[in-house]
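These notes are about the structure you will find just below.
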2 protein chains.
Amino acid sequence: MKIDPKNPADLSAQIAKAIRDAIISGALPVDERLPSEAELADQFEVSRPTVREALKRLAAQSLIRTQRGATGGAFVNRLKFEDAYGQQITTSTLLLSMNEISFATACEARYALERACAPLSAKRRTADHLATMRAETHRQAQPGLTDEAFCASDVAFHRALVDAAGNPVLSYQLAGAVEAMQPLMNMITFSARSRERIVQMHTTIADAIEATDGSTADAILAELAEYTQELAQNVISQREAARHTNGAD
Amino acid sequence: MKIDPKNPADLSAQIAKAIRDAIISGALPVDERLPSEAELADQFEVSRPTVREALKRLAAQSLIRTQRGATGGAFVNRLKFEDAYGQQITTSTLLLSMNEISFATACEARYALERACAPLSAKRRTADHLATMRAETHRQAQPGLTDEAFCASDVAFHRALVDAAGNPVLSYQLAGAVEAMQPLMNMITFSARSRERIVQMHTTIADAIEATDGSTADAILAELAEYTQELAQNVISQREAARHTNGAD
DNA sequence: GACGTTTAATTGTCTGACAAATGAAAATTG
DNA sequence: CAATTTTCATTTGTCAGACAATTAAACGTC
């Protein structure tokens, strides 16, 4: 665990990297207590504020947690799936909003990943997952639901579908893809007719999952992917048209 | 952009959250310069070191970049895919190593996701992707290759397969799953016979992708998933046996 | 032995300071 | 006047020392 003292410009980043590498390599096991900030400052021959900046970098990645008090200090954190979810969603959301990712690209990725889950979900779904899917489907059928609420329920439905696969790694990977799509989905205005069709597809998917029929679920998901693209395309076309008539740039 | 001054224990975390929310919401556009550390300290009514800790948290997530000098400061960073890759791989690797994720679970997730790419890769693969897949397959056939080198080439092959789908969101999502598996894969010792079989499957997959035959690629990937599980199972069984004969715990 | 008190260790924050980098403005020079 | 050099102000990076808040262990008291 060494740093390069020749370059006194990136000290806190170097220290963070040194500790991070030690954690990743397993040299620092979970729940191991790091030396106190003062000791680290001595070891690396830097000041305490510099050490603190390094520790904050690691804390931002949930790699360590800190505790005050006599037996306190910084501890190697067991990275929980829920912590990772949050980071993944933040990162995915920013990637999509900052990199001119088209709706089509994001949508394709989301449904491709989701379809990968379908066979597993059909095999392993529990009553709980099915209940969530049914409940969300019912909610989506209620009149007077705002578009945002409809989207949120849509996300909940699809998360239940993914979680039904019973594979936490898949759930983690897909949390980002599904949740990050939500801001994009919120741009779509769902007419009563389109909602009806979506609810019908959700019902069919839930039926298929209940009947452990993965291939039907997969097929409907493919159809849903196409329909979602179609809806988005309509919104985009309408905006284009409005832009031309208004004469705005 | 406000913080709660009543709780003077988490100031830097609160400030980081306030700025992060502003970035995610779009209130702070890309390349926008944040106020200087001194100004932020005034705004939030905290000291400069506290502001700095908050900024370091954001820098660790690649949300901002900093520059010294007269016109320097902290700028909202356009999150690049490559930056996101790195974070995703780090997070995925730690999740797998810290949470007692079984090889079976990780392997299932990886191949499920990869199979989601297969139809798209078959449709869109370029000569470049095919060349990479062929080159890596040839490398894997060379005798005298270490297990680590074989695994690395395996990862390169599968990344080319994923990239061939031409969807950066998919590539990003899968980078984590594929790369994070590598430490687990490295535990497997590949016999000459098993390598031969894997190379053969890779060749068949490359052939299918070249022939834009997504379903064959999918089928072979399923077979490869099963075979990988089988190899891993053998390693685990052998270790169990060795443990019993040695009498170690 | 149970319970309250003290104490030491540790993080969180503050103040003030200096060094290094960097671009802009000012001064100099042809 | 134009080009170049110098100076300077701004900003981040780091340091030193200090105090407050928190926490658990050690201690003393009943």
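Protein chains get the first letters and strands the later ones, always in sequence-line order, with residue 1 at the start of each.
A donor and an acceptor atom never sit less than 3.5 Å apart when one is taken from the side chain of B:Arg48 and the other from the base of C:dG16.
If you check every strand for non-hydrogen atoms under 4.0 Å, B:Arg65 touches nothing.
In the region residues 49-57 of chain B, proximity to DNA chain D at under 4.0 angstrom, judged on heavy atoms, holds for B:Arg52, B:Lys56.
We find that A:Lys56 and B:Asp10 are not joined by a salt bridge, their nearest charged nitrogen and carboxylate oxygen being 4.0 Å or further apart. A salt bridge is absent between A:Glu53 and A:Arg57; no separation between the charged side-chain nitrogens and carboxylate oxygens falls under 4.0 Å.
The shortest non-hydrogen separation linking A:Thr50 to A:Ile15 is CG2-CD1, 4.3 Å.
Side chains of B:Ile64 and B:Phe75 form no contact here, defined as non-hydrogen atoms less than 4.5 Å apart.
Scored by the salt bridge (charged side-chain N to carboxylate O under 4.0 Å, His left out) test, A:Glu179 finds A:Arg159 as partners (sequence neighbours excluded).
A:Asp10 has its CG atom 13 Å from the C1' atom of C:dA21, to the nearest Å. Atom CD1 of A:Ile15 and atom C1' of D:dC15 are 13 Å apart (whole Å). Taking atom CD on A:Glu45 and atom P on D:dC15, their separation rounds to 10 Å, with Å as the unit. Distance A:Glu37 CD to D:dA16 C1': 15 Å, rounded to the nearest Å. Note: CG (A:Asp42) to C1' (C:dA9) measures 15 Å, nearest angstrom.
With 3.5 Å as the limit, one finds a donor-acceptor pair spanning the side chains of A:Thr126 and A:His129. No side-chain donor from either of A:Glu148 and A:Gln182 sits under 3.5 Å from a side-chain acceptor of the other. Checking B:Thr90 against B:Thr93 by side-chain atom types alone, no donor-acceptor pair falls below 3.5 Å.
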Would you tabulate the nitrogen or oxygen pairs shorter than 3.5 Å linking the protein to nucleotides 22-27 of chain C?
| from | atom 1 | to | atom 2 | distance (Å) |
| --- | --- | --- | --- | --- |
| C:dT22 | O2 | B:Ala70 | N | 2.9 |

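Phosphate contact (OP1/OP2 of C:dG12, side-chain N/O of A:Thr66, threshold under 4.0 Å): present.
Relative ring orientation between A:His158 and A:Tyr111 is described as perpendicular, the plane-to-plane angle rising above 60° on a 0-90° scale split at 30° and 60°.
In this structure, the nucleotide among D:dC15, C:dC14, D:dA18 sitting nearest to the side chain of A:Leu11 is D:dC15.
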